Amino acid sequence: MTSCKLCGGPAAYFIEHSRIMLCQACFIKYYEKKVYNTIMKHGMLRGARKVAVAVSGGKDSMALLKVVSKLISEKFPEVELIAIHINLGIEGYSGECQEIVEKVCGKLGVDYIIHDLSSMEGYRISDLRSTPLRKRICGACGTVKRYMMNRLAYELGADRVATGHNLDDVVELLFEFYLKGSIENLVRVRPISRSDNPKLITKIKPLIELTEKENLYYALARGIPILDASCPLVEGSRMLRRKKLIGLIEHEISGFKHTLYKSHVKRILPRLEKVVAEPMLVECEVCGMPSLSSVCSYCRLISRLARSAESSS
Ligand code: SF4
Ligand code: ZN
C-alpha cells in the first residue's frame with residue numbers, strides 16, 4: 001500500500017503537480033493551508049468586514065464555503081460571512097442546486113440568502129433558449145450571475161465577494177485570452193479585483209491555486225454534500241472542450257497549469273497592469289450600478305430578453 005508522503009499513513013490522494021501521495025488528514029491540512037496562504041499572499045481579507053460567498057451547489061463553491069467559514073471563524077473572527085445563491089431557473093437543475101446550498105449552509109451554520117430569478121426578477125435562464133442569445137447562453141448566464149452577485153453583495157453591505165474559481169477555470173480563461181491576444185481581458189484574470197467604487201464590490205478567488213479535483217476531494221473529505229448533476233445547458237460548450245485540451249497538455253507536461261498561472265500572475269500581470277488603463281465606470285442609466293457604457297451589459301441583456309418575449313407573443 002502506498003504511504004502518505006508526510007505522515008507515512010495509508011495514502012488516499014495523489015497531488016498530480018507535485019507527484020506526491022497524501023492521506024486524508026494531511027490532504028485536508030495541505031488544502032486549508034494553501035487557501036490560507038493564498039488569502040494572506042494577496043491580502044484578500046485585509047480590512048474586510050463582511051464576505052459574501054457565491055454558492056452554486058457545485059463542488060468548488062461548496063468547498064469554498066466550508067474552508068472560508070472555517071478560516072474566518074479561526075483566524076478572522078471579526079469578519080462576517082454570508083452565502084448568496086442565485087436560483088437560475090434551469091429546469092431539472094436549479095431546484096437541486098438550491099437544496100444542496102440550503103443543506104450545506106444549515107450544516108455549517110452559515111447565514112444565506114436565495115435570490116430566485118423567476119420570482120424576484122421575472123425571468124429564468126431557461127427563457128434565453130428561445131431567444132437569439134441561446135447560442136451564447138453561458139456567456140449571458142455569466143453576465144447575470146456576475147451582475148446579481150455584485151448587486152446583492154452591495155445591498156447586503158458586504159465588502160468582498162468570494163467565488164469558487166479554481167486553477168482549471170483560470171487556466172482555461174488564460175488559454176483563451178492569450179490565444180486571442182485579448183489584453184483587456186487578460187489583465188482582469190487575477191486573484192483579487194480591488195475596487196474603490198462602493199457599488200462595485202472587491203472580488204476574491206481564494207481557490208485560484210487549487211484544481212477542480214482538489215476541491216472535489218476536499219468537499220468529499222470534509223463530508224460536504226455537493227451537486228451530483230451538471231447543467232443541462234452546458235452541452236458542447238467551448239469552455240469544456242478547452243478544459244479537456246488543457247487536461248491533455250497537463251498529462252504530457254506535468255505542472256503545466258500551475259506554471260501558466262504563476263507566470264501570468266508573477267511576470268505578465270504586473271507589466272500588463274502598467275500599460276492597460278483601468279476602465280472608466282459610469283452609472284447605468286437604467287439600474288444605477290457601475291457600467292462601462294451608459295447602459296450596463298446586464299440591463300442590455302434584459303431588454304433583449306424583453307424584446308424577444310414581445311415579438312414571440
Ligand atoms: Fe449558466 Fe452555462 Fe453554467 Fe449552466 S453551464 S449554469 S447556463 S454558465
Ligand atoms: Zn444596468
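Quick note: residue numbers are just sequence positions, from 1. Keep in mind that what you see is a predicted model, and the values were worked out from it rather than measured. Side chains are part of it too, since the values below use all heavy atoms of this structure and drop only hydrogens, waters and symmetry mates. All ligand and atom numbering here is 1-based and tracks the order in the structure.
- Between the side chain of Ser118 and the backbone N or O of Gly89, no donor-acceptor pair lies under 3.5 Å.
- Using the six-membered ring where Trp is involved, Tyr218 and Phe27 have ring planes that are tilted, between 30° and 60° apart.
- The residues Glu172 and Lys244 are annotated as not salt-bridged, no charged nitrogen and carboxylate oxygen being separated by less than 4.0 angstrom.
- Closest to atom 3 (Fe) of ligand 1, if we only count protein heavy atoms, is Lys145 NZ, 3.8 Å.
- Around atom 4 (Fe) of ligand 1, the protein N, O or S atoms closer than 2.8 Å are Cys231 SG, listed by chain and residue number.
- Annotation: Lys50, atom NZ; neighbour count of heavy atoms from other residues, nucleotides and ligands within 6.0 Å is above 12.
- In this pair, Tyr298 and Tyr147 present their aromatic rings parallel. The plane angle is below 30°, not in the 30 to 60° band.
- If you check the side chains of Glu121 and His115, you find a donor sitting under 3.5 Å from an acceptor.
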